[in-house]
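Beneath this line is the structure, given in structure tokens, with notes to follow.
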Amino acid sequence: ITVVADVTPTERIAKLKEAKNSDFVLFTYGPLARGMEDVIEWEIEEINRAIFFDEGGKLRNKQTKMYESAWKVLGNDLETPREYAQILDATPYPNDVLVESHNLIDLLFPNQLGPLRARKKKFVEYEETTTHRAGEDRKVRTYSLKNLGEMRRETEPFIFVKNDTDADVDAQLPPGKLERIKYFTMGPIQSIYYQHAVDMTLDAIIDFMNPENENFHNSKFILAALIRQQQAAITPWLFDKSYAVSKDGDEERLDLALDIIESWLNKDTERGKSRGIIVGAGFTSVYGKFKPMIIERFGLKEDQVPVFTGKLNLKQRAHIEEGLNSGYMRIGLFGYKAGGTGLNLQRRCNRVLNLHEMWNPSVVDQFVGRVNRQGQKRRVIVFTLRAEGTIDEGIADKVERKLHEAKEMLDSSKMEVKRGKMSLEDLIKMAGIPSDMIISRLRERGLPIDRIEAPEIEEDDPNLEGGYED
């Protein structure tokens with residue numbers, strides 16, 4: 001058995017040579033996510049028997065580099081593809097059962113279901129309504145599925161279900177999911193920090209547009225500024241660690257999170273239950289501030305509030321998983337990415353608190369999937385915190401549009417990936433910066449006010465995803 005994971009490019013090449021004499025080769029999704037050609041080419045050349053993809057939720061979106069790489073690894077563009085391949089997935093489809101199941105099946109059995117366009121005509125009903133939001137009317141297209149029996153008959157030949165018991169598989173699926181957005185307004189001190197972060201984003205945007213600046217058209221700096229702005233919206237402590245000792249500071253987001261957790265714990269006490277709560281964040285250093293607040297407020301022990309990050313080894317991960325499933329650990333603090341795979345927390349946990357939203361909604365879906373999965377006996381409750389008038393709303397709007405576009409994505413006879421791009425206008429809108437501020441800053445720098453051409457930025461730009469801590 002050869003394990004090719006967490007290695008440098010040089011070490012990876014050595015591992016690949018070693019793997020030629022192995023019966024089993026284990027990869028993480030990292031190489032596929034980055035589209036490493038040496039892995040892809042080696043696998044196409046050397047592996048001709050069987051491939052298994054665990055955590056199939058990572059492969060539901062055709063727009064991702066990971067899906068494109070998996071397509072190549074399976075040899076779907078070759079005359080002779082893999083002899084045997086299987087995708088393992090225990091998480092219900094969170095966004096669109098038709099599109100996501102189609103994408104997974106198409107990855108293993110290309111074109112066997114036919115084009116997605118034709119299947120949408122058979123199984124989807126659309127309804128268009130008008131809503132008033134942000135001072136303007138917007139047309140919203142909603143949909144519902146029809147002819148479910150026929151859709152099930154179409155997909156059944158491609159799906160193998162392994163039951164833990166003899167019970168019908170439907171009985172193993174979660175009873176449902178309740179999702180709520182909890183809005184709040186930042187306090188005066190946090191607003192000062194946040195405005196400073198907005199000013200930094202504005203400077204980065206102007207530098208990005210200025211041909212005479214060294215950061216001209218360099219997405220790294222503008223995306224880093226947006227990440228900092230999001231940190232300031234979460235808690236000033238992420239923006240300035242000296243804030244931790246402030247006596248007159250305000251922590252509206254974390255205080256609201258504590259109130260929600262307290263209401264859940266009180267309900268447990270009333271019902272004589274001891275259920276776990278999992279909290280998610282993309283910036284795990286926030287737990288350096290939040291964990292002491294939890295311990296003080298609820299009188300819990302240090303080891304009853306574990307912090308789960310990508311730095312943990314397998315033994316530590318298993319210890320936290322067992323602690324939450326046994327009921328001893330009451331509140332688990334997770335990094336979205338680290339906590340998004342390889343965990344089964346449905347035995348005792350059914351409440352999820354997202355401290356903030358992520359640019360990539362599938363990361364949060366995977367995290368929620370740790371409790372919203374087969375074997376869950378209770379309805380899953382998911383609360384997400386959102387600060388009014390901040391980048392939170394810009395990210396939420398982008399996520400909403402991204403999910404809508406994913407649902408509208410149509411298939412073709414060949415596997416084509418259409419990656420999302422963000423224009424400069426999209427970034428400015430997401431940051432919530434008024435146009436008059438842009439014009440004023442352009443005048444201060446002596447730059448022309450008319451639009452300066454700028455390149456579009458890839459939505460999966462590594463500078464964006466890399467800003468989150470794991």
Side-chain angles (χ1 to χ4, degrees), residues 94 174-187 190 230-231 233-238 249-301 304-308 320 323-324 327-336 339-340 345-346 348-358 361 363-365 367-372 376 378-393 395-396 399:
K177 182 170 63 172
L178 173 67
E179 297 183 89
R180 291 287 184 270
I181 303 296
K182 292 292 185 178
Y183 289 92
F184 68 95
T185 303
M186 292 188 302
Q190 184 173 8
Q230 187 182 12
Q231 288 178 322
I234 295 172
T235 167
W237 190 72
L238 285 174
D250 51 353
E251 290 285 4
E252 301 297 334
R253 186 184 302 262
L254 300 187
D255 286 340
L256 175 57
L258 289 173
D259 291 342
I260 292 171
I261 292 173
E262 183 173 34
S263 69
W264 286 342
L265 292 177
N266 287 340
K267 288 181 180 178
D268 286 349
T269 301
E270 292 171 4
R271 297 168 182 171
K273 304 290 185 181
S274 177
R275 295 175 183 166
I277 297 168
I278 65 173
V279 180
F283 307 97
T284 51
S285 61
V286 70
Y287 296 140
K289 176 77 172 177
F290 192 42
K291 179 174 179 175
M293 296 171 69
I294 293 174
I295 292 173
E296 180 180 358
R297 176 113 167 221
F298 304 117
L300 298 174
K301 297 179 180 179
Q304 288 183 297
V305 189
V307 176
F308 194 102
I320 293 176
L324 287 167
Y328 176 75
M329 296 179 181
R330 300 300 307 278
I331 304 168
L333 307 178
F334 288 79
Y336 282 133
L345 301 175
Q346 70 273 27
R348 195 174 288 268
C349 301
N350 72 313
R351 281 85 50 95
V352 182
L353 177 58
N354 296 320
L355 290 183
H356 64 88
E357 287 162 297
M358 289 279 280
V363 174
V364 180
D365 286 337
F367 172 64
V368 174
R370 299 310 96 203
V371 299
N372 189 41
Q376 177 61 262
R378 297 173 292 274
R379 183 170 64 167
V380 173
I381 300 172
V382 183
F383 284 1
T384 301
L385 307 187
R386 186 180 297 172
E388 294 180 306
T390 71
I391 193 173
D392 280 7
E393 294 185 326
I395 293 174
V399 167

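Only a predicted model underlies this, so the values are computations on that prediction, with no experimental measurement involved.
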Are the side chain of [X] and the backbone N or O of [Y] linked by a donor-acceptor pair below 3.5 Å?
X    : Y    : answer
Q190 : E251 : no
R253 : T235 : no
E262 : F298 : no
R370 : G340 : yes
R348 : S274 : yes

Original post:
Is the CD atom of E388 crowded by more than 12 outside heavy atoms at less than 6.0 Å?
Top reply: yes
**OP:** Check the pair I260, L385 against side-chain contact (heavy atoms from CB on, under 4.5 Å), reporting the backbone distance first and the verdict last.
**Re:** CA-CA 10 Å; I260 292 171; L385 307 187; 3.7 Å; yes
Subject >> Residue pair D259, R297: steps toward the side-chain contact (heavy atoms from CB on, under 4.5 Å) verdict >> reply: CA-CA 10 Å; D259 291 342; R297 176 113 167 221; 2.6 Å; yes
Original post:
Where does the angle between the aromatic ring planes of F383 and W264 fall among parallel (under 30°), tilted (30 to 60°) and perpendicular (over 60°)?
Top reply: tilted
Original post:
According to the interplanar angle, ranging from 0 to 90°, do the rings of H356 and F283 count as parallel (below 30°), tilted (30 to 60°) or perpendicular (above 60°)?
Top reply: tilted
Subject >> side-chain contact (heavy atoms from CB on, under 4.5 Å) assessment of F308 paired with I278 >> reply: CA-CA 10 Å; F308 194 102; I278 65 173; over 6 Å; no
Original post:
Who pairs with Y287 by ring pair (Phe, Tyr, Trp, His ring centres under 6.0 Å), at least two apart in sequence or on another chain?
Top reply: none
Subject >> Single hit among V363, I395, D365 for side-chain contact (heavy atoms from CB on, under 4.5 Å) with M358 >> reply: V363
Original post:
Between V380, L345, V382, V352, which is the residue that forms a side-chain contact (heavy atoms from CB on, under 4.5 Å) with N372?
Top reply: V380
Original post:
Who passes salt bridge (Lys or Arg N to Asp or Glu O under 4.0 Å) against D255, sequence neighbours left out?
Top reply: none
Subject >> Trace of the side-chain contact (heavy atoms from CB on, under 4.5 Å) decision for V371 with N350 >> reply: CA-CA 6 Å; V371 299; N350 72 313; 5.7 Å; no
Subject >> Presence of salt bridge, D268 and R351, under 4.0 angstrom >> reply: yes
How long is the straight-line distance from [atom2] of [Y] back to [atom1] of [X], given to the nearest 0.5 Å?
X    : Y    : atom1 : atom2 : result
I294 : I331 : CD1   : CD1   : 5.0 Å
R275 : I277 : CZ    : CD1   : 11.0 Å
L324 : Q304 : CG    : CD    : 11.0 Å
I261 : M293 : CD1   : CE    : 10.0 Å
F290 : I295 : CZ    : CD1   : 11.0 Å
I381 : L353 : CD1   : CG    : 11.5 Å

If I compare all heavy atoms of [X] with all of [Y], which pair ends up nearest, and what's the gap?
X    : Y    : result
D392 : A387 : OD2-N, 2.8 Å
I181 : E357 : CD1-OE2, 4.4 Å
K289 : L254 : CG-CD1, 3.8 Å
C349 : Q376 : O-NE2, 2.9 Å

